[in-house]
There are 2 protein chains.
Amino acid sequence: MIDRESPVPIYYQIEEYIKQLIETEALNPGDAIPSEREFTEQFKVSRMTVRQAITNLVNEGYLFRQKGKGTYVSNQKIEQTLQGLTGFTEDMKKRGLKPGSKILDFKLAPAELSVAKQLYINEHDPVYEIKRIRLADDLPMALEMSYLPANLIKGLTEEIVNNSLYEYIEDNLQLKIDYATQVIESSLSHEDEAKLLQIPKNAPILLIQRQTFLDNGQPFELVKSKYRGDRYKFVVDMKRV
Amino acid sequence: MIDRESPVPIYYQIEEYIKQLIETEALNPGDAIPSEREFTEQFKVSRMTVRQAITNLVNEGYLFRQKGKGTYVSNQKIEQTLQGLTGFTEDMKKRGLKPGSKILDFKLAPAELSVAKQLYINEHDPVYEIKRIRLADDLPMALEMSYLPANLIKGLTEEIVNNSLYEYIEDNLQLKIDYATQVIESSLSHEDEAKLLQIPKNAPILLIQRQTFLDNGQPFELVKSKYRGDRYKFVVDMKRV
DNA sequence: GAATTATAGATGTCTAGACAACATAATATT
DNA sequence: AATATTATGTTGTCTAGACATCTATAATTC
């Protein structure tokens, strides 16, 4: 198990060993790992070496200690769960679903007042309006209305929208996407939406409205989504300040 | 400088000492701190103790090491937090509403399996179960079921719960609340919930399940909430990574 | 039976070394 | 003068213990 001839430090070998126990589900979240003394006997190493391995895994969020009791497996790696801002495509991939999309409408139109306000532009300024059905594993997941100010996001096409909009904005337009504010509420499906989402009328839907900003504080995207309540749960991690 | 009679660990005293050097700008970003051997002589402690202090500061982002050269002051403490994790009371205040609460049930009971799993405790371990109606401007806003492991959150009373639970945990129990994972979904009100929330049956509700963690990765709270869909919107900010 | 007191086992802190690996500067060799 | 070598100082890894503190359980006492 431990190779003393290896240039890989012993504490690191022990780290890998424990991580593998977690990944193979030999150890599950909440389970106690063997005590430090047990590891010293198992691997014939000093306790400080074992502690170095365990301390690293504690710092990485794999384990947590309880004085006088033992050391336990955490739920997930923290960094991994502190999820970033992503689009629909990345979101679905993370959930292990195949993302898809069907554009219902793509046009350049003058902005309505409510949309203009949220994009920090004037009423009747040109905005791209994109209406889509979002699919996951080929089944409807959400209805989506996107609004993008044409003076800022230039040269948009259906092609780009269907591939990766965020990559286009960051790579081609050289703009830096920074953060988004999302408002989430519960609602019921109307008849026409129900039909498109293939759910009954008056079924629960998750209404998500997102305003996405560049690093200069300017909004470049407004997305109004209606997710099927039976298929979608919104997951968010928050940090105490 | 180092007080050996103090119950405060020596490594922690050294940490504070180094942090103070940085804060008073006796040490600036890029500067090398004294070598580990110099510290052992200055404080008359073993090198492992010095290393424990420095390792902690490296993990917290204050310092970085260079093998064979030395240890240096970092540019800045990394990891700025995005948004505050708060309880119901703070949340309502931010929205300009008067928070209120009515406890329907407060008891110490053996944990059910599903709850135990999410709190990383064993089935039948004691948990505080608190059922509340949450009010905003004296009107029902949400139904809330809270579960807290009694072996960790000790001495809980209705009084504490009604005032500020988080303050009690951080100030009295000296535990550090770190982050929470929340799962949000859309649902419909059942008959009994509808009555308590004073809304019609089958009205939209926002179902929020929150798992709150300490800084060691251990969960200390599980909250299942049902918010009135007509009164509550969940707002979250996300940062692009 | 209930409360109190040991006891065993876990993590927390600390010691006084040892040798390895790496970086740099001083010294010796070519 | 350029190149090797050596010396020195740094962090990296590791040992074999010690005692403290906390938890949970077993044993004892009331």
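Below, read A as the first sequence line, B as the second, and so on, with proteins coming before strands; counting in each chain starts at 1.
Remark: B:Leu197 CG to B:Arg228 CZ distance equals 7.0 Å, nearest 0.5 Å.
A salt bridge is defined here as a Lys NZ or Arg NE, NH1 or NH2 lying under 4.0 Å from an Asp or Glu carboxylate O, and B:Arg37 with B:Glu41 meets this definition. Under a 4.0 Å N-O distance rule, the pair B:Glu144/B:Lys131 does not qualify as a salt bridge. Of the charged side-chain nitrogens involved, none lies within less than 4.0 Å of a carboxylate oxygen, so that A:Lys176 and A:Glu170 do not count as a salt-bridged pair.
Phosphate contact (OP1/OP2 of C:dG12, side-chain N/O of A:Arg65, threshold under 4.0 Å): present.
For the residue pair A:Tyr227/B:Glu185, the side-chain donor-acceptor check at 3.5 Å is not satisfied. Between the side chains of B:Glu23 and B:Tyr62, no donor-acceptor pair of N or O atoms lies under 3.5 Å.
Here the shortest heavy-atom pairing between B:Ala26 and B:Asp31 reads O-OD2, 4.5 Å.
Computed from coordinates, the B:Leu152 CG to D:dA24 C1' distance equals 16 Å when rounded to whole Å. Note: OH (B:Tyr72) to P (D:dT10) measures 11 Å, nearest angstrom. Nucleotide D:dG12 holds its C1' atom 12 Å from the CG atom of A:Asn56, rounded to whole Å. Residue B:Tyr11 contributes atom OH, which lies 13 Å from atom P of C:dT15 at whole-angstrom precision. The nearest whole Å value for the distance from the OH atom in B:Tyr12 to the P atom in C:dC14 is 13 Å.
The backbone N or O of B:Val161 lies less than 3.5 Å from a partner atom in the side chain of B:Arg132, making a donor-acceptor pair.
Along DNA chain D, the nucleotide closest to B:Ile33 and the one closest to A:Met48 are compared, and the more 5′ of them pairs with B:Ile33. Remark on DNA chain D: of its neighbouring residues A:Lys44 and B:Asn151, the 5'-side contact belongs to A:Lys44, judged by nearest-heavy-atom nucleotide.
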I would like to know whether B:Phe213 and A:Phe64 meet ring pair (Phe, Tyr, Trp, His ring centres under 6.0 Å); could you show each step before the answer? CA-CA 11 Å; B:Phe213 296 83; A:Phe64 64 90; 9.0 Å; no
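Across residues 13-21 of chain B, not one residue has a non-hydrogen atom less than 4.0 Å from an atom of DNA chain C.
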Just the atom pairs and distances: protein N or O near nucleotides 4-10 of chain C's N or O, under 3.5 Å.
| from | atom 1 | to | atom 2 | distance (Å) |
| --- | --- | --- | --- | --- |
| C:dG9 | N2 | A:Gly68 | O | 3.3 |

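For A:Thr49, counting side-chain heavy atoms from C-beta on, the closest listed nucleotide (D:dT15, D:dG12, C:dT13) is D:dT15.
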